[in-house]
Amino acid sequence: MSIVNVKDLHFSYGMIQALKGVNFKIDDYKMVGILGSNGSGKTTLLKNISGYLKPSKGNVFIMGKSVYKMRAKDRAMLIGYVPQDMYFDFEFTSYDVVMMGRTPYLRRFQRETEKDASSVKEAMILTNTWDLKDRYVNELSGGQRQRVYIARALAQEPKILLLDEPISHLDVKYQIEVLSILKQLTAKKILVFAVLHDINLSSQFCDFILLMKDGEIISMGTPNEVITAENMKMAFSVDADVIRNPITDTPLIVLSKNKGMI
Amino acid sequence: MKVKKGFYLLISIVILIASLMFSASVGAVKMPLKSIVDVIFGDGNSTDKMILLNLRFPRIIEAAFTGMGLSVAGTFFQGLLKNPMADPYVLGISSGAAFGASIAIVLGLGIFGLQFFAFAFALMTIYVVYILAKKGPYIKMQTMLLAGIAISAFMSSIISLMMLLNHDEMSQIVFWTMGGFSLISWSQIFYTVPIILIGCITLYVFSRDLNVIMTGEEIAEHLGIDTERVKKIILIVGSLITASSVSAGGIIGFVGLIVPHISRLIVGSDNRFLVPFSGIVGAAFLVFADTLARTVMAPVEIPVGIITAACGGPFFIYLLVKNKNKEVK
């Protein structure tokens with residue numbers, strides 16, 4: 001049985017069709033990058049998989065069950081979601097924020113148990129945030145905050161982790177750090193989906209890539225299969241040379257002769 | 001951390017009790033602590049009984065519950081609107097109540113008519129604001145805030161017009177809008193206190209949900225919380241609490257803004273501690289302010305809203321400056 005099976009997914013924001021029939025299946029725990037130009041439907045796809053948005057047509061099955069038919073709490077125990085960097089002006093410690101990830105496991109008046117505490121600690125150690133546990137989240141740097149949010153999603157103990165541009169606002173060091181953390185999660189039987197903009201980092205870190213354009217997947221497969229000059233031209237309207245990265249032996253794009261620019 | 005928060009809660013309760021005792025003892029007739037205790041346990045002489053049971057106790061109880069209600073509602077509205085500068089009046093409840101009260105005063109309806117009109121118009125106003133902000137099954141909090149401001153401005157202009165056309169009632173309207181507990185008797189308590197108390201308990205039930213919503217509505221939804229439902233409950237219950245408070249005590253400003261804010265600076269943003277702490281501090285503060293209102297210029301009574309603003313404003317500025325300096329370091 002596939003872990004995620006997306007079937008003929010359609011979604012519209014009013015008159016604007018954001019997804020026009022998306023189909024794909026993922027059968028094992030790996031790191032999936034979602035690439036595509038702005039407005040190609042990446043975030044919409046992510047929110048449909050999480051069940052936050054309901055498609056006008058089509059379905060998403062997770063381990064054989066439709067996400068739209070699950071109870072919200074059951075869904076939250078299966079799917080973790082990390083939105084684009086969000087800042088709020090209230091003082092919650094990192095520990096409190098990660099503990100919020102346990103919400104689906106707690107009844108209304110139930111206190112957090114040992115199990116909740118150990119799950120939070122594990123998530124924070126894994127994301128390298130345990131030493132930030134007493135710091136207020138609104139006082140952290142972007143890179144630190146992003147890792148706290150990932151820890152919160154991990155505290156949900158999900159089978160599937162969805163991340164919307166987790167590295168877009170980070171410097172190179174944190175980009176590598178976050179991607180390495182995500183890559184490690186696949187070994188812990190978590191299927192990771194990340195919307196990414198950096199094609200070369202995606203090529204290095206992802207096992208599988210979905211390339212989107214205008215609400216459709218125009219190519220999917222391993223980085224070797226997807227990251228080609230024609231696909232880059234089709235998806236982003238840029239002329240790119242694709243060479244081999246001599247160190248990682250993955251495709252590397254070089255944007256040297258963008259006709260529109262020069 | 002937990003121990004420290006429990007300690008703060010204990011301190012706030014001690015302050016509340018001190019505030020209640022202080023308020024019961026001062027006034028035209030000084031009342032020693034022993035007499036107060038005697039009356040509470042059914043003893044004491046008849047004069048003491050008369051003063052405490054008929055005059056001071058109703059007033060103190062109403063002030064305490066109003067302070068608690070406004071502070072708890074303020075805490076939730078600030079969280080819901082993700083704006084530490086929000087208060088229970090921000091959505092237009094207060095101007096709705098003032099509008100209703102003004103009509104009742106102009107029509108000469110008496111105290112009960114006034115309270116009923118204030119309550120009814122407060123709820124009607126929030127309903128209009130809610131309808132304006134509702135889009136399908138969703139409520140947009142920003143739209144709600146703007147609609148509240150617009151409706152408030154509109155109501156205020158009509159109130160001004162009414163005052164202009166009814167010179168004789170003008171001072172009465174002004175006095176009412178500044179808030180006060182001078183007309184409180186047990187009958188007001190019977191209908192406002194249950195609403196405020198049940199309302200605060202209901203809101204408290206949702207304090208963990210509010211924690212998550214404060215960090216983002218989308219994320220709350222992804223954690224299995226029915227965000228729209230929680231938002232609606234908070235809005236309805238918070239409005240009921242505020243409308244009851246206002247209908248009995250008039251528009252007492254600043255309590256619902258500064259008490260939650262100060263409490264948050266002391267115990268942090270976790271609503272499971274913040275809500276009870278803020279409610280107790282609010283009760284203590286308003287009882288104290290009301291005591292000042294009826295004693296500092298006795299026998300003339302000052303509207304309690306003047307006291308809350310006069311105490312609250314400078315203290316608030318002090319905290320802001322202190323916080324600003326902390327950030328610089």
Side-chain angles (χ1 to χ4, degrees), chain A residues 14 43 46-47 49-54 70-112 133-134 136-139 145 148-149 152-153 155-156 158 161-162 164, chain B residues 1-2 4-5 75-76 78-86 135-138 141 201-230 233 260-274 323 326-327 329:
Chain A
T43 300
L46 216 58
K47 288 181 182 173
I49 297 174
S50 79
Y52 179 70
L53 296 177
K54 308 252 179 307
M70 292 178 194
R71 284 171 51 230
K73 277 199 163 195
D74 295 334
R75 205 157 56 204
M77 293 182 207
L78 201 60
I79 306 167
Y81 186 89
V82 182
Q84 282 188 41
D85 187 25
M86 277 187 27
Y87 179 80
F88 50 85
D89 199 12
F90 289 107
E91 287 171 337
F92 286 110
T93 63
S94 305
Y95 187 86
D96 288 342
V97 167
V98 178
M99 189 54 97
M100 288 176 191
R102 300 302 296 170
T103 306
Y105 294 89
L106 295 166
R107 285 191 306 275
R108 188 160 291 286
F109 291 107
Q110 198 186 353
R111 282 176 155 258
E112 292 96 2
K133 69 181 163 64
D134 296 323
Y136 288 125
V137 170
N138 55 349
E139 291 169 356
R145 199 158 54 232
V148 169
Y149 290 158
R152 168 160 68 180
Q156 289 171 250
L161 185 63
L162 306 164
D164 196 359
Chain B
M1 199 70 184
K2 285 262 159 64
K4 214 168 133 196
K5 280 175 177 164
T75 306
F76 273 84
Q78 288 176 0
L80 200 59
L81 294 161
K82 295 180 196 67
N83 186 345
M85 288 293 148
K135 192 189 167 203
Y138 304 106
M141 297 318 286
I201 294 168
T202 312
L203 286 185
Y204 181 69
V205 169
F206 291 95
S207 45
R208 183 154 63 199
D209 293 343
L210 183 68
N211 280 353
V212 184
I213 290 173
M214 276 160 72
T215 71
E217 284 180 23
E218 205 181 301
I219 201 73
E221 199 78 35
H222 279 108
L223 286 168
I225 294 171
D226 188 345
T227 317
E228 293 303 320
R229 184 173 143 260
V230 173
I233 292 171
H261 201 95
I262 289 168
S263 303
R264 199 174 283 118
L265 289 176
I266 297 169
V267 297
S269 298
D270 185 343
N271 293 295
R272 286 172 297 173
F273 289 97
L274 177 60
N323 249 34
K326 199 175 84 185
E327 273 165 33
K329 279 174 209 160

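The basis for the numbers below is simple: all heavy atoms, side chains too, and nothing from hydrogens, waters or symmetry mates. First the proteins, then the strands, lettered A, B, ... as listed; each starts at 1.
- Residue A:R108 touches chain B through both its backbone and its side chain, counting heavy-atom pairs closer than 4.5 Å.
- In this structure, the portion of B:E221 lying under 4.5 Å from any heavy atom of chain A is its side chain and not its backbone.
- The number of heavy atoms from other shown groups lying within 6.0 Å of NZ (B:K135) does not exceed 12.
- Residues A:M100 and B:I219 form no side-chain contact, since every pair of their non-hydrogen atoms from C-beta on lies 4.5 Å or further apart.
- Comparing B:D209, B:D270, B:N83 by heavy-atom pairs within less than 4.5 Å of chain A, the highest count is held by B:D209.
- Heavy-atom distances place no part of A:R71 under 4.5 Å from chain B, backbone and side chain included.
- At least one side-chain heavy atom of A:R152 sits less than 4.5 Å from a side-chain heavy atom of B:T215.
- Minimum heavy-atom separation, B:K82 to A:F90: CA-CE1, 3.7 Å.
- Minimum interatomic distance between B:G224 and A:A76 (heavy atoms only, all atoms of both residues): N-CB, 3.8 Å.
- The side-chain heavy atoms of B:L223 and A:Q156, taken from C-beta on, include a pair separated by under 4.5 Å.
- The shortest non-hydrogen separation linking B:S269 to A:E91 is OG-N, 2.8 Å.
- Here the closest non-hydrogen pair linking A:Q110 and B:R208 is O-NH1, 3.1 Å.
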